[in-house]
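As structure tokens, the structure follows; a few thoughts come after it.
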Number of protein chains: 2
Amino acid sequence: MSANREMDHQEPQEQQDPRSDQDGQEKEQPRRRQARGERRIAQLLEAASDVFTTAGYTAASTNAIARAAGVSPGTLYQFFPNKEAIAIELGDRLMHELREMYGEALAPVDPATPLEEAVNSAVDRFIAFNCAHPAFFSLMHGPDIPGRLAEEHDALHASLLARTEVLLSSLLPDAAPADLARTAHMCLGVYKAGLELVLAHEGAERDAYVQELKHLLVRYLDPLVGDRPGAAGAPRTGR
Amino acid sequence: MSANREMDHQEPQEQQDPRSDQDGQEKEQPRRRQARGERRIAQLLEAASDVFTTAGYTAASTNAIARAAGVSPGTLYQFFPNKEAIAIELGDRLMHELREMYGEALAPVDPATPLEEAVNSAVDRFIAFNCAHPAFFSLMHGPDIPGRLAEEHDALHASLLARTEVLLSSLLPDAAPADLARTAHMCLGVYKAGLELVLAHEGAERDAYVQELKHLLVRYLDPLVGDRPGAAGAPRTGR
DNA sequence: GACAAACGCGAGCGGTCGCTCGCATTCTTG
DNA sequence: CAAGAATGCGAGCGACCGCTCGCGTTTGTC
């Protein structure tokens, strides 16, 4: 039972960013990149995406990433200060792309929209994104993600949660906030579970799982909004 | 895209089990254990359970496990041939306990049982087990579990899947096998997602999530069995 | 009490990994 | 075309990790 609190490992070093002069510019390095460099960065991120997806963050070695990109480890470290930065840059790019997309995926809380339609639209968009960028899932849901990425994921998750809550609260105005939050958590958890199943299959079977996930969410939420005007139509289509 | 297929790491060594004489006895070692030894083993497994739960399999170091148990690394390796064996022994013990329990959790497919009751009973049992043994979840669902444990988990998962399918097929006799399998997969996936949420909370909030998980499963399955005799009463309680 | 087996220790071996460094090559700029 | 910056390389450093080995201690047996 002795809860031993002090582990023995520490990070190799805590690099200090020598160019942090104290004028407000904490921005990017004044490093001049040539076109070749940008290409290398894209190459490396592409390779990192593959390696992270198949091996997970921790198990992915920087040497493997460099090799997958066809360069030497030294070259990799010309463009990224450390392994974490690779994951962060990759995560940032994917996160940016995602935010552009989901801004219009959950935002329209048009109260007249049928529940089924809203669910279908949101699920379709997110599934499409996650299928197109499988690295996103492993980077966000891996057990070993570095702190910075975990923060980003938490922020994204909180944001999704808030949006879902707003959407739900417009569907069921008379619900305790705690219940609302729980329901939103359940929705996201269910989506994640469905996503795993979707990603594990391909072709027609994958589509069938997408359908099943939509059904699941609709059936979960439908009884809650059963007495709303426009929604909850199609009373139990035998399917 | 160059799919690089050959990684560079290999296991430290592939220990050959020197006492594998060729008479059919591949059983356990003839090692005589003293009471002290059994106590140490229990201690080590307990410590390993903690470390695995908090750090995951790969990140857990054998030195950390030994330290958590208050012994030296050498002592640990007196009782376990390698790190994997620790996880396997722990997994085996938990698996055995689980099988004893879930034999009576999914087996009774009494077709007269209301759906809600069947779901409640199954969920309660599994939630109770997973809450009592949080190491089980991290060992089974970790991304880095060693091969032997993965096989055990696959076997368990397949077994649960089969049982669920049987249970479902008794509820909806006229369903295509593929749909049945998909529905069973969804049920297990949903349970796993709910379990994560349950484990992430405590006290009253945890109970609320358990309730929510039950609701979710019932609402998912209820429309499918809507035209059965005894079950699926309360046609959509507006609530 | 004598002897052997089981138990216990912890420095350290071989290995991988993240990352660095010295040096060569290619590009840009004047 | 020269100078210097950006790019590229790969051996290798330091740290950690799984695991071993030699040796000392405890326990069971006769």
Side-chain angles (χ1 to χ4, degrees), chain A residues 6-19 28-44 47-48 51-52 55-88 144 146, chain B residues 6-18 29-44 47-48 51-52 55-88 144 146:
Chain A
E6 38 88 44
M7 294 275 154
D8 52 350
H9 62 281
Q10 73 263 12
E11 294 308 298
Q13 72 261 21
E14 212 64 36
Q15 100 268 18
Q16 194 50 36
D17 197 21
R19 55 191 165 0
E28 295 306 288
Q29 65 283 19
R31 173 68 154 234
R32 293 187 50 239
R33 293 258 176 252
Q34 302 180 348
R36 197 178 17 151
E38 298 291 348
R39 250 180 286 130
R40 278 276 179 257
I41 290 180
Q43 237 176 75
L44 285 163
V51 179
F52 283 149
Y57 175 77
T58 313
S61 84
T62 55
N63 290 1
I65 294 173
R67 193 163 355 108
V71 303
S72 85
T75 296
L76 185 153
Y77 281 93
Q78 178 110 22
F79 301 101
F80 298 98
N82 51 47
K83 178 178 173 179
E84 181 174 352
I86 306 172
I88 290 185
D144 42 15
Chain B
E6 38 90 42
M7 295 272 154
D8 51 4
H9 61 283
Q10 73 265 11
E11 294 308 298
Q13 71 263 19
E14 211 62 36
Q15 99 268 11
Q16 195 47 38
D17 195 19
Q29 68 284 21
R31 174 68 155 233
R32 291 186 50 239
R33 292 260 178 250
Q34 302 181 347
R36 194 174 23 145
E38 298 291 348
R39 251 180 287 130
R40 279 272 179 260
I41 291 180
Q43 242 177 69
L44 285 163
V51 178
F52 283 149
Y57 175 76
T58 313
S61 83
T62 56
N63 290 1
I65 294 173
R67 191 156 4 102
V71 303
S72 84
T75 298
L76 185 153
Y77 281 93
Q78 177 113 26
F79 301 102
F80 298 97
N82 52 47
K83 179 178 173 179
E84 180 174 351
I86 306 173
I88 290 185
D144 44 14

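Protein chains get the first letters and strands the later ones, always in sequence-line order, with residue 1 at the start of each.
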Nearest nucleotide by nearest heavy atom, which residue falls closer to the 5' end of DNA chain C, B:Q34 or B:P73? B:Q34
What nucleotide among [options] has an atom nearest to a side-chain atom of [X]?
| X | options | value |
| --- | --- | --- |
| B:Y77 | C:dC7, D:dC19, C:dC19 | D:dC19 |
| A:N82 | C:dC19, C:dT29, D:dC19 | C:dC19 |
| B:N63 | C:dC7, D:dC19, C:dG10 | D:dC19 |
| A:F79 | D:dT7, C:dC9, C:dC17 | D:dT7 |
| B:R32 | C:dC19, C:dG8, C:dA6 | C:dA6 |

Given side chains that start at C-beta, do those of B:T75 and B:S72 come closer than 4.5 Å, heavy atoms only? yes
Does any part of the side chain of A:F52, heavy atoms only, come nearer than 4.5 Å to the side chain of A:I65, both counted from C-beta? yes
Please tell me which of A:R36 and B:T62 maps to the more 5' nucleotide of DNA chain D, matching each residue to the nucleotide holding its nearest heavy atom. A:R36
For B:G37, answer base if it contacts any base atom (sugar-phosphate contacts may also be present), sugar-phosphate if it contacts only those atoms, and nothing otherwise; contact means non-hydrogen atoms under 4.0 Å. sugar-phosphate
With heavy atoms under 4.0 Å as the rule, sort A:A60 into base, sugar-phosphate or nothing. sugar-phosphate
Cation-pi check, B:K83 onto B:Y57 ring (under 6.0 Å, within 45° of axis): yes
Please report the distance, rounded to the nearest Å, between CZ in A:R40 and P in D:dA5. 22 Å
